[in-house]
Amino acid sequence: MERPCAWKKYTPQQIEELEELCHGYKQFLSENKTERLCVKTGIKMAEEAGYVDLETVIAEGRDLKAGDKVYAANHGKDLMLVNLGTAPLEQGFNILGAHVDSPRLDLKQNPAFEAGDMAYLDTHYYGGVKSYHWVASPLALVGVICKKDGTTVDINIGDKADDPVFTISDLLIHLSSEQMSKPAKDAVDAEILDVIVGGRPVKFDEDDKDAPKEPVKQMFLDILKEQYDVEEEDFLSAEIEVVPAGPARDMGLDRSMILGYGHDDRVCAYPSMLAQINVADVERTSITLIVDKEEIGSVGATGMTSRFFENTVAEIMTLVGEDSPLALRRALACSRMLSSDVSAGFDPGYAGKFETKNAAFMGRGLCFNKYTGSRGKGGSNDADAEYVALVRDIMDEAGVDFQTCELGRVNAGGGGTIAYIMAKYGMNVIDSGVAVLSMHALWEVANKADIYEAYRGYKAFLERA
Ligand SMILES: [Zn+2]
């Protein structure tokens, strides 16, 4: 049983829709390289579609009813969009979930130093990265610096056409005989992933006893002070992410793919948010959940394991007058979810790592993983066959191209998602998403047909599940 390539069925009008969706997605991907920016833009998209901040509703003492649309943000890094349906909430919700944190390098708290007449910023990697990917490539600095006076300074340098960029140097091939004989995991020590940010000293008098000991670093700090009004000490309370510089772009002469940073998992988050705001009146309340910290185990106040989701559901149920603890438990248990994350696209160069009957092929549509995990499905949410049947039926009824897949060959490796966390409530959850090549590399590849089918599949799920 082989699933068809989605491209074959498209009408000219569908191709037009696909291109419009992917144009918006490329822009989203290019302009939102941190979880904070994704949430900020998500809020903007929601407000433009008539969603109201839940905090405002609570502050004004208003009730909620069917047809109302609200959003809730959590520490600026999670976002929940809710479109209230006509059915009682205790009958459960149709939920889309995806994460917006991506693998990257974070600046350390005390990052600045000078060496070899150059200024550097030291980093600590976030999520699963191959260190050797990060050298000799243009990089941008994106994030926030929070000052003691309560103000926050936004930093975003390296993406605009006339911005300077940054880089991490690599050892020249001529001196690499020892390095090239090491296993790939040891070829570039993660501790030397230091970003070069300057190469020019401040001017000073050699005889001046107060002359700066690190004049190149001083120049960097002086410019920072002048342009952003921040001191070196302000890095103590900053979250600056080192990310690949440059926009997402069409890939292939046929422009069938998109090369971009952070497809994992914005390629699921963006179509989910778009499906949510484009679905108008629903019977079962629809929710789209955008979360942080998936790449480091979904922990912390902004990870899926925090109570943000449950607390927000409790607030909403109170505002619609279904405020008993039992109604909340019932609502959670009766919910249905597509937990979306990227799948491993079949890569012919590494065919031996896949089992082709159960691999995700680029361009064959939305992926469903009944289970994930490793070493015998360990750590996986294994969706019920009954639920898989329901999801299959919804996709077929809506004419959505989908494929079922596993991450790779049995025992080749493995991975986890946020599915098992939501499954704790007893709700039906299945892993779904878009296949990518070069997952967790600086530039990942996704096929436009898969992004389009994901959007269509998410919309069908919210309307019909
Ligand atoms: Zn992911």
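We count ligands from 1, going down the list as the structure has it; atoms in each ligand are counted the same way.
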ask   = Taking NZ, NE, NH1 and NH2 as the nitrogens, is one of them in E17 or R456 under 4.0 Å from a carboxylate oxygen of the other?
value =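 No salt bridge links E17 with R456.
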inquiry  = Tell me whether K293 is salt-bridged to D101, with the criterion being a basic N under 4.0 Å from an acidic carboxylate O.
reply    =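 No salt bridge links K293 with D101.
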ask   = According to the ring pair (Phe, Tyr, Trp, His ring centres under 6.0 Å) rule, which pairs have a member within residues 391-421, sequence neighbours left out?
value =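 Checked against ring pair (Phe, Tyr, Trp, His ring centres under 6.0 Å) - neighbours excluded - the pairs reaching residues 391-421 are F368-F402.
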query = With sequence neighbours left out, which residue pairs that include part of residues 236-260 fulfil the side-chain hydrogen bond (donor to acceptor under 3.5 Å, both in side chains) condition?
reply =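 Found K26-D250, R36-E239, K77-E239, R104-E241, D250-R255, D250-K448, D254-S256.
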task = Hey, could you give me each pair passing side-chain hydrogen bond (donor to acceptor under 3.5 Å, both in side chains) that has a residue in residues 376-392? Not counting sequence neighbours.
result =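 Sorted pair list: K370-D382, K377-D382.
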query = Does a sphere of radius 6.0 Å around OH in Y126 hold more than 12 heavy atoms from other residues, nucleotides or ligands, not counting ones at 6.0 Å or beyond?
reply =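 Buried by this count: over 12 neighbours within 6.0 Å.
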key: Atoms of protein origin (N, O or S) under 2.8 Å from the Zn ion (ligand 1)   =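 Listed by chain and number, the atoms are H99 NE2, D264 OD1, D341 OD1, D341 OD2.
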